[in-house]
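Note that the structure is predicted; figures quoted are calculated from it, not measured. Reminder, nothing fancy here: chain letters follow the sequence lines and each chain counts from 1. Only this structure's heavy atoms are used, side chains among them; waters, hydrogens and symmetry mates stay out.
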Number of protein chains: 4
Amino acid sequence: MAPATNAAEASSTGGSGRRHHGNRHGRSEQARLAVLRVADGLLVEKGFAGVTMEGIAARAGVAKQTIYRWWKSKTDVLMDAFLQDATEDLTAPDFGDIALDLRDYLRRLAWFLSESDPGAVFKALIAQAQHDPVFAQDFRSRYLDGQRRRDRLPLERAVDRGQLPPDLDMAAETDQLVGPLYYRVLVTDEPIGHEFTDGLVDAFLRRHKLTARTKS
Amino acid sequence: MAPATNAAEASSTGGSGRRHHGNRHGRSEQARLAVLRVADGLLVEKGFAGVTMEGIAARAGVAKQTIYRWWKSKTDVLMDAFLQDATEDLTAPDFGDIALDLRDYLRRLAWFLSESDPGAVFKALIAQAQHDPVFAQDFRSRYLDGQRRRDRLPLERAVDRGQLPPDLDMAAETDQLVGPLYYRVLVTDEPIGHEFTDGLVDAFLRRHKLTARTKS
Amino acid sequence: MAPATNAAEASSTGGSGRRHHGNRHGRSEQARLAVLRVADGLLVEKGFAGVTMEGIAARAGVAKQTIYRWWKSKTDVLMDAFLQDATEDLTAPDFGDIALDLRDYLRRLAWFLSESDPGAVFKALIAQAQHDPVFAQDFRSRYLDGQRRRDRLPLERAVDRGQLPPDLDMAAETDQLVGPLYYRVLVTDEPIGHEFTDGLVDAFLRRHKLTARTKS
Amino acid sequence: MAPATNAAEASSTGGSGRRHHGNRHGRSEQARLAVLRVADGLLVEKGFAGVTMEGIAARAGVAKQTIYRWWKSKTDVLMDAFLQDATEDLTAPDFGDIALDLRDYLRRLAWFLSESDPGAVFKALIAQAQHDPVFAQDFRSRYLDGQRRRDRLPLERAVDRGQLPPDLDMAAETDQLVGPLYYRVLVTDEPIGHEFTDGLVDAFLRRHKLTARTKS
DNA sequence: GACTAAACGAGACGGTACGTCACGTCTTAGC
DNA sequence: GCTAAGACGTGACGTACCGTCTCGTTTAGTC
């Protein structure tokens, strides 16, 4: 069984010989990391249906009770794993120009959603959110709200710079920029190339009568 | 699993006196309809997790084996139920004007997705499609491809009329119109009012330098 | 379910190769024989649990309904198959001497029970009789009673000859002769050699103060 | 499946401090007893076909999985129930005389087989043994072998006493004594009165030229 | 020669039970 | 006090047969 080795690796990150297996010193970091890593791995390897509490417990060398003590469902585990991996990855750069900022950001968002491993987890979580309103609420407050704030950043900076009018409907504009990406990823499964994301930016510029300073 | 629907259509379209009576020999239309009706009802009433093969069988007064004989999973049942309810409901009207057509169509699409019962089933199916690529493929070929064709209709008519240039990137334009709706429905769960759908149409018109003839 | 056999016999007397598949005048001999043959074969090949109505129907190329029309259960089919094969096989010879008669008969009975294919079917039927009193009654009246009469024949002939007293308790004596055979076959599964059956005869002779005329 | 019973016994007899290590907290004695009691009850009440895993589980308030964890089939459960009830009940008394010992023992064996509840279970198990060689082997090693040893006891004691010659063929003699009982119980279903069992003893005495000291 | 009636093959149907899987709760022993 | 281990009740899974019920065909015999 792999867990022995995995556990060893996990504990080696804790500097000195501080291994606690079951003890009176609070939660086992080792167990927590093993669970998250295994959950991620199972999702990528066997798909959503292949992620089970029993499967995670067995492969992580962890007791089921330990998982239930700290997470309330397998989707909660996956969300934790996702948050650990994904947070702060998707912040738009500041090139000082709305066109450049958006172009870069949408490309990276597209890649994240359609190509990356965390993107696969994201899709699984969004799927779960369709089935479970409580989970949906949780997912929004723990990830999506923050993501929406990051989505809006380039526009806010452009308003600050005076490139865009201050009375812009931020929510609607953001939805028009990122909505088509999510639509392709979640619904049509068509590939998203640079021409598609760049096209979104161009459309945005055109309807606000702006022009791109540079072209890629 | 197309045969299920085909058989149903075949037998239901058999307009005149040809219909066989108790419908023994061959599939039981009664059982088929009961299953679809019950599946739909369970989804709306108890959510996706509340839809089980056993539950459908019990409530529909049907043997489990009968369900498995004609559908390969509960999502396959739900898809059939969805197709029976939803097909052809979402065809854009033809008012002779792109602005009017789009305004009406997006409002109805928004209502369908966020308010209607079939819309709830649609969300469940899209969720399942995230988890199961085979199902996703099936769903696309049996519903989404047709829906995309319907989405494009208003634009195609406008091109025919000369309101829009013939070299328009249909796919990209459609995605920008409907993508934000799906995004709100599937991801952010924000309410979609007329101001939002109308705003999408206005943005479309602005970036193509058109003006709305009328306002609703 | 006696009619099954009777009908079969009646129709089998109809001379030449008059095969009818489905017709106005009674049952298909072809189907009847196929069912019995297949039932026997399945029992020998896959054991009792491997004999199913569906299995018989499929392998015999017969509709389930046809089986149910003529037999009331799979054990009823097996009983018919058994009766067809086994009846009249086990009649004691008449060598004119009780010792010789018994010796030969018990050997053949032992072989029948423990070695022959019909013996295997017999064991399955006796087993079923433990579980189902109605079947047990049927089996007794259709086979066991006759068999008991055949068991008693050598003793009756000996009484007629004057070798044994006329007030002999036939039932008890027969049970002591054949009971140990059935016991070994059904309960202990120990092999039954000639020394065992001959020993039973010797014990019989000894307690009735007879001596064997010949020895084999 | 011997471990089931053994484990249970081990845990119930594990009085002092030496607790078992293999099972963290081990099997539920309560569940085990409920299953055995219910299985017995169902057999007596509804016959063999009325004993189902689902029925046992439901009536015993136990999960099906719990039954499958410890027993491999319903007949395995019944065997366990039978062994719990029946073992050691059928030991011949020692009156110091072969005639008395046998007379008493055969009467009690007859009663056990034909009248008692465990006797009904025994018949069901013997029936199953006809259908399933693996089960048959198991049943023999867990019950029948011991029973055969008990059958032989009166004869062995008589040999020790000098009432019978030491070169007696124990197996054959035992089969002649008990075989007719099993035959009547399993095959002919004729009632077994004292006159029948006593007759078996008398025949035994006669062929060994012994006389009964007392008569009942 | 058309018609009728019995038996046929086929196979869908409502069911029961099977044996398996994962759930979430729980108890116990070790560190 | 947290851990690994794992038994437990619950409930759904997908499968195998059960016995019943039309279907549409085949085939004698009757009119």
Original post:
What residues, two or more places apart in sequence or in another chain, satisfy side-chain hydrogen bond (donor to acceptor under 3.5 Å, both in side chains) together with S73(D)?
Top reply: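 Scan of S73(D) (side-chain hydrogen bond (donor to acceptor under 3.5 Å, both in side chains), adjacent residues dropped) gives T75(D).
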
Original post:
Can any side-chain N or O of K46(A) pair as donor or acceptor with the backbone N or O of V51(A) at less than 3.5 Å?
Top reply: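 No; zero donor-acceptor contacts below 3.5 Å.
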
Would you indicate, yes or no, if [N] has its OP1 or OP2 atom less than 4.0 angstrom from a side-chain nitrogen or oxygen of [X]?
{"X": "R69(B)", "N": "dC13(E)", "value": "yes"}
{"X": "W70(D)", "N": "dC8(F)", "value": "yes"}
{"X": "R27(C)", "N": "dC8(E)", "value": "no"}
{"X": "T66(C)", "N": "dA7(E)", "value": "no"}

Check the distance between [N]'s [atom2] and [X]'s [atom1] and give it to me in whole angstrom.
{"X": "E29(C)", "N": "dT27(F)", "atom1": "CD", "atom2": "C1'", "result": "17 Å"}
{"X": "R59(C)", "N": "dG9(E)", "atom1": "CZ", "atom2": "P", "result": "17 Å"}
{"X": "I56(D)", "N": "dT16(E)", "atom1": "CD1", "atom2": "P", "result": "18 Å"}
{"X": "R32(C)", "N": "dA7(E)", "atom1": "CZ", "atom2": "C1'", "result": "16 Å"}
{"X": "I67(A)", "N": "dT25(E)", "atom1": "CD1", "atom2": "C1'", "result": "14 Å"}

Mind listing the side-chain donor-acceptor pairs of residues 55-68 of chain D below 3.5 Å, one per line with the distance, residues two or more places apart or on another chain?
| from | atom 1 | to | atom 2 | distance (Å) |
| --- | --- | --- | --- | --- |
| R59(D) | NH1 | E45(D) | OE1 | 3.1 |
| R59(D) | NH2 | E45(D) | OE2 | 3.1 |
| K64(D) | NZ | E54(D) | OE2 | 2.7 |

If we only count heavy atoms from C-beta on, is the [X] to [Y] side-chain gap below 4.5 Å?
{"X": "V38(C)", "Y": "L42(C)", "result": "yes"}
{"X": "W70(A)", "Y": "V77(A)", "result": "no"}
{"X": "F48(C)", "Y": "K74(C)", "result": "yes"}

Original post:
DNA chain E: V62(C) or A31(B), which has the more 5' nearest nucleotide?
Top reply: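 Closest to the 5' end, via its nearest nucleotide, is V62(C).
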
Original post:
Taking protein heavy atoms under 4.0 Å as touching, what does nucleotides 13-18 of chain F look like 5' to 3' if B marks base contact, S marks sugar-phosphate-only contact and - marks none?
Top reply: BBBBBB

